[in-house]
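First comes the structure, then the notes that go with it.
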Amino acid sequence: MKFATWNVNSLTVRLPQVLDWLAANPVDVLALQELKLTDDKFPHAAFQAAGYESVCFGQKTYNGVALISRAPAQDIVRNIPGFSDDMARVISASFPLATSAADGAPSSVRIVGAYFPNGQEPGSDKFEYKLAWLQGLRAWLRTELVTHPKLILMGDYNITFDDADVWDPEGMRDQIHCTDEERYELGALIALGLADAHRLFPQAPKSYSWWDYRDFGFKRNRGMRIDHILLSQALKPLAKACWIDKTPRKNERPSDHAPVIVELA
DNA sequence: ATGACGCCTAGAAGGCGA
């Protein structure tokens, strides 16, 4: 089975590219971020015609997330229960897992698709909101992992793990996406028993998931790895591969992010 | 670097992203 995440930076603009990508990469679940459209504008029919179900949590202008899937989503939850938020950043649902349990009983996987706050600048109000949001996410996930031991948290985290995720570590030191406070929170998610799928496997050096539109960022590979797929303990043994697909970043009018894919046995 | 690009709401130019 394959699961993927992609910040599309406007689904209105990127829909043809998403459909093309799904045709070439038939994943079981694709989490989308930064739809930048309201629920009434979501192109359910276009995904249906391509053979995919879809559930969304939209918002005008900013944010907005969705789960595109072969099987229908079950037990859909929007945003973080227990954390009050005006923004549409999280959508969760359960999907059938092909790998059955030891007793042969049907099993499911819990998918949490998330668009983490950007934070703008350390010390700003938006940065404080980002830290509060991260704490809210962690408090909720702690119990969510008990209810759903087979869980994937994937999306645009807007946080790098360490210098290996940054094209210019010195220039980005203590800058947004690279501060100790953000990395502490990311580490705290790992401490819940989640594993970074990317680093379970050998990866090319300077593997990034985002490149600035400006100054030929992609061509010069001046990027950061800020889109992540985290696997719960119960799923980690099933992981077979994880990769970043840079192909759509080469399109005309691309998203600034590339999709990340994990394959499970 | 008050920059570079792209998308959004606007109905011009500014907010925001990362």
Side-chain angles (χ1 to χ4, degrees), chain A residues 5-18 21 31-43 56-66 85-90 113-134 137 154-183 185-186 198 206-229 244 246 248-260:
Chain A
T5 178
W6 192 5
N7 178 324
V8 293
N9 185 17
S10 171
L11 186 58
T12 305
V13 174
R14 233 64 68 188
L15 178 62
Q17 294 183 38
V18 175
W21 189 83
L32 299 177
Q33 301 90 39
E34 281 209 88
L35 308 180
K36 297 186 175 179
L37 50 73
T38 47
D39 287 348
D40 58 302
K41 301 256 178 43
F42 190 90
C56 68
F57 182 27
Q59 181 185 327
K60 185 178 169 72
T61 311
Y62 303 113
N63 311 309
V65 287
D85 196 350
D86 293 334
M87 307 191 196
R89 295 190 174 277
V90 186
Y115 177 48
F116 290 41
N118 174 289
Q120 201 163 59
E121 187 181 357
S124 67
D125 289 348
K126 289 187 171 67
F127 188 74
E128 293 307 311
Y129 162 71
K130 181 175 194 171
L131 295 181
W133 187 95
L134 284 162
L137 175 71
M154 59 181 173
D156 176 1
Y157 285 59
N158 275 318
I159 307 175
T160 56
F161 277 93
D162 51 42
D163 288 352
D165 290 340
V166 186
W167 75 274
D168 179 17
E170 290 310 316
M172 287 299 292
R173 179 115 18 241
D174 299 325
Q175 299 300 304
I176 197 66
H177 306 109
C178 304
T179 66
D180 291 343
E181 294 98 320
E182 293 165 279
R183 287 176 175 173
E185 289 299 332
L186 183 52
H198 185 265
K206 304 184 189 302
S207 289
Y208 307 128
S209 66
W210 170 90
W211 301 261
D212 202 304
Y213 282 122
R214 298 166 289 188
D215 214 15
F216 302 99
F218 181 68
K219 189 184 287 185
R220 301 157 101 169
N221 198 31
R222 294 182 168 186
M224 291 190 280
R225 190 172 74 96
I226 53 176
D227 301 86
H228 307 297
I229 301 178
I244 299 166
K246 291 157 72 169
R249 190 62 175 79
K250 300 167 187 168
N251 291 342
E252 286 189 40
R253 293 186 81 191
S255 168
D256 43 355
H257 295 253
V260 185

Contact class for A/Arg14 vs. all strands (heavy atom < 4.0 Å): base, sugar-phosphate, or nothing?
sugar-phosphate
Distance check needed: B/dC8 C1' versus A/Asp256 CG, whole Å only.
14 Å
Rounded to whole Å, how long is the line connecting atom CZ of A/Arg220 with atom P of B/dC5?
12 Å
Scanning both residues in full, the closest heavy-atom pair of A/Val65 with A/Arg89 reads CG1-O, 3.4 Å
What nucleic acid atoms does A/Asn158 come within less than 4.0 Å of, heavy atoms only: base, sugar-phosphate, or nothing?
sugar-phosphate
Is the distance from OP1 or OP2 of B/dA18 to the nearest side-chain N or O of A/Gln175 less than 4.0 Å?
no
In whole Å, measure the gap between the P atoms of B/dG11 and B/dG6 for me.
24 Å
Within 90° of 0 counts as syn, otherwise anti: where does B/dA10 fall?
anti
Does OP1 or OP2 of B/dC16 have a side-chain N or O of A/Lys126 closer than 4.0 Å?
yes
Is A/Ser10 close enough to B/dC8 that one of its side-chain N or O atoms is under 4.0 Å from OP1 or OP2 there?
yes
Atom P, compared across B/dA13 and B/dA1: separation rounded to whole Å
27 Å
Give the nucleotide from the list B/dG17, B/dC7, B/dA18 with an atom nearest to the side chain of A/Asn9.
B/dC7
Closest to side chain of A/Arg214, choosing from B/dC16, B/dC7, B/dG17
B/dG17
Separation of the P atoms in B/dA10 and B/dC5, to the nearest angstrom:
25 Å
Rounded to the nearest Å, what distance is computed from the CH2 atom of residue A/Trp211 to the C1' atom of nucleotide B/dG6?
16 Å
Which of these nucleotides, B/dC5, B/dT9, B/dA18, is closest to any side-chain atom of A/Thr61?
B/dT9
Counting side-chain heavy atoms from C-beta on, which of B/dC7, B/dC16, B/dA18 comes nearest to A/His177?
B/dA18
